[in-house]
Amino acid sequence: MDTDLAMPRVLDEAERAVLLAAPRGYCAGVDRAVITVEKALDLYGAPVYVRKQIVHNKHVVANLESRGAIFVEELDEVPAGQTVVFSAHGVSPAVHAEAAERELKTIDATCPLVTKVHHEAKRFAADDYDILLIGHEGHEEVEGTAGEAPEHIQLVQGPEDVPNIVVRDPKRVAWLSQTTLSVDETMATVNAIRERFPDLLDPPSDDICYATQNRQLAVKEISGEADLVIVVGSANSSNSVRLAEVALEAGAKTAYRVDDAGEIDEAWLEGVERVSVTSGASVPEELVEGVLGFLADRGYPDARAVHTAEESLIFALPPELRKDMRAAEKAAQS
């Protein structure tokens with residue numbers, strides 16, 4: 001046997017390619033939430049408490065902690081009278097009520113697209129519909145939405161849950177979804193529900209976040225011929241985990257989710273010609289740059305961006321924070 005044939009093929013740099021998804025990384029809701037905590041720290045000084053992770057990224061959380069943010073699981077960990085920020089994933093009315101009872105100063109950084117789903121839940125409940133909420137059990141967003149109408153909402157995690165759904169009136173059933181799911185995944189569940197309940201009422205607008213959809217379309221575009229797809233994002237980020245799954249479904253030979261370049265295994269690159277890179281909606285761009293630097297150090301060329309959508313949406317900061325910022329600015333001028 002020719003021993004040369006048994007040796008791993010060493011790729012010439014000219015044969016290699018790196019494709020970079022665009023859009024990727026921060027969405028408008030994440031950007032707003034992170035800036036909210038930063039501005040709150042500047043305005044009120046440390047500490048500023050944050051209920052749950054402001055966004056699902058451990059590097060973002062660690063950076064804000066270094067500036068004086070204190071992340072807590074529940075409000076009973078926040079001293080009376082202190083400032084607390086609610087995360088981008090939203091909270092239930094019960095959490096707002098508890099904060100008021102304990103006289104906490106609250107800043108609500110809930111993504112406006114999540115707030116829209118909350119409004120839809122309240123409207124369907126007011127019309128006395130049974131609401132089927134498609135999402136992942138235990139996710140903060142699901143808990144917040146379900147809390148808007150707990151007597152009307154039941155969780156459906158996938159098509160496998162559909163046979164067990166019990167409703168009062170099959171003609172008065174509506175569905176909503178967690179904003180960070182895959183469109184394909186969600187519609188498979190909706191179709192299964194509609195088979196059981198043909199009169200199923202759709203939400204008035206698309207619940208899946210525009211950024212989630214755009215990032216999934218972008219990763220599909222760069223995955224078809226990829227030997228390896230690297231998705232930058234934390235393990236508790238639903239949309240990041242889903243991006244790796246979408247990459248495989250789109251034809252990638254392998255796909256891995258990493259928090260940063262330090263988690264990349266050099267063995268993944270053996271025999272790899274085409275690498276595609278993207279990041280979840282709560283990932284700072286410097287973490288992507290770290291991955292690209294890792295690849296460059298190993299002989300891969302500069303990345304070529306593949307654009308599938310343009311994003312220009314910007315959300316205003318929470319009104320309670322803007323009010324205090326204006327007051328502080330006036331005081332400084334007087």
Side-chain angles (χ1 to χ4, degrees), residues 1-27 30-31 34 55-63 66 182 211-212 214-309 311:
M1 178 180 176
D2 188 334
T3 54
D4 286 343
L5 295 178
M7 296 289 290
R9 186 166 73 89
V10 178
L11 294 170
D12 185 87
E13 188 168 334
E15 299 177 89
R16 294 171 168 175
V18 179
L19 298 183
L20 183 61
R24 64 185 174 277
Y26 270 14
C27 63
V30 164
D31 195 43
V34 174
V55 296
H56 286 161
N57 185 272
K58 72 176 190 179
H59 289 280
V60 171
V61 169
N63 179 55
S66 73
S182 149
T212 298
N214 286 347
R215 278 147 192 73
Q216 289 173 9
L217 289 171
V219 82
K220 286 179 181 179
E221 190 69 23
I222 63 172
S223 296
E225 297 176 13
D227 298 311
L228 168 66
V229 175
I230 297 173
V231 177
V232 186
S234 289
N236 64 336
S237 166
S238 177
N239 74 88
S240 297
V241 170
R242 187 59 186 145
L243 283 174
E245 295 169 350
V246 170
L248 291 172
E249 291 166 4
K253 292 179 183 174
T254 55
Y256 295 98
R257 180 210 53 78
V258 299
D259 262 296
D260 51 49
E263 293 186 358
I264 298 175
D265 186 338
E266 300 237 14
W268 298 347
L269 299 176
E270 288 180 13
V272 166
E273 194 170 305
R274 182 170 170 141
V275 184
S276 292
V277 179
T278 190
S279 59
S282 51
V283 176
E285 184 62 13
E286 59 260 30
L287 298 180
V288 176
E289 291 169 0
V291 168
L292 298 179
F294 178 96
L295 294 171
D297 290 345
R298 284 146 186 85
Y300 286 84
D302 289 344
R304 176 170 68 85
V306 178
H307 294 267
T308 55
E311 294 181 351

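- Between D265 and Y256 the shortest side-chain heavy-atom distance does not fall below 4.5 Å.
- Salt-bridge check for E285 with R24: passed, with a basic side-chain N closer than 4.0 Å to an acidic carboxylate O.
- Side-chain contact check for R16 versus V18: every heavy-atom pair is 4.5 Å or farther apart.
- In this structure, N214 contributes its side chain and A309 its backbone to no donor-acceptor pair below 3.5 Å.
- Residues L287 and N57 are in side-chain contact: their nearest non-hydrogen atoms beyond the backbone lie under 4.5 Å apart.
- For A247 against V229, the heavy-atom pair with the smallest separation is CB-CG1, 3.9 Å.
- In this structure, the separation between CD1 on I222 and OG1 on T278 is 5.5 Å, given to the nearest 0.5 Å.
- For the residue pair A303 and L292, the shortest heavy atom distance occurs at CB-CD2, 4.0 Å.
- Across A211 and C27, no two heavy atoms sit closer than the pair CB-CB, 3.4 Å.
- The main-chain N or O of V232 is never found under 3.5 Å from a side-chain atom of S279 such that the two would form a donor-acceptor pair.
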Task: Derivation of the side-chain contact (heavy atoms from CB on, under 4.5 Å) call for V288 and L20 - done: CA-CA 9 Å; V288 176; L20 183 61; 3.9 Å; yes

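- V275 has its side chain within reach of Y300: a pair of non-hydrogen atoms, C-beta onward, lies under 4.5 Å apart.
- With salt bridges taken as basic N to acidic carboxylate O contacts below 4.0 Å, one links R215 and E311.
- Within 6.0 Å of the CD atom in E221, the count of heavy atoms belonging to other residues, nucleotides or ligands does not exceed 12.
- A search for side chain to side chain contact (heavy atoms under 4.5 Å, CB included) contacts involving H307 returns A22, A305, E310, not counting sequence neighbours.
- Taken from CG in L248 to CD in E245, the straight-line distance is 8.0 Å, to the nearest 0.5 Å.
- At least one side-chain heavy atom of Q216 sits under 4.5 Å from a side-chain heavy atom of S182.
- The shortest distance between side-chain heavy atoms of L295 and V277 falls below 4.5 Å.
- V241 is listed as a side-chain neighbour of R257, based on a closest heavy-atom distance under 4.5 Å.
- In terms of heavy atoms, A255 sits closest to A244 at CB-O, 3.7 Å.
- For A218, the side chain to side chain contact (heavy atoms under 4.5 Å, CB included) criterion is met by A21, P23, T308, not counting sequence neighbours.
- For the pair F294/L269, a side-chain contact is recorded, criterion being any heavy-atom separation below 4.5 Å from C-beta on.
- Atom-to-atom distance recorded for L243:CG and S237:OG is 8.0 Å, nearest 0.5 angstrom.
- Formation of a donor-acceptor pair under 3.5 Å by the D227 side chain with backbone atoms of E273 is found in this model.
- Around CD of E225, the count of heavy atoms belonging to other residues, nucleotides or ligands within 6.0 Å does not exceed 12.
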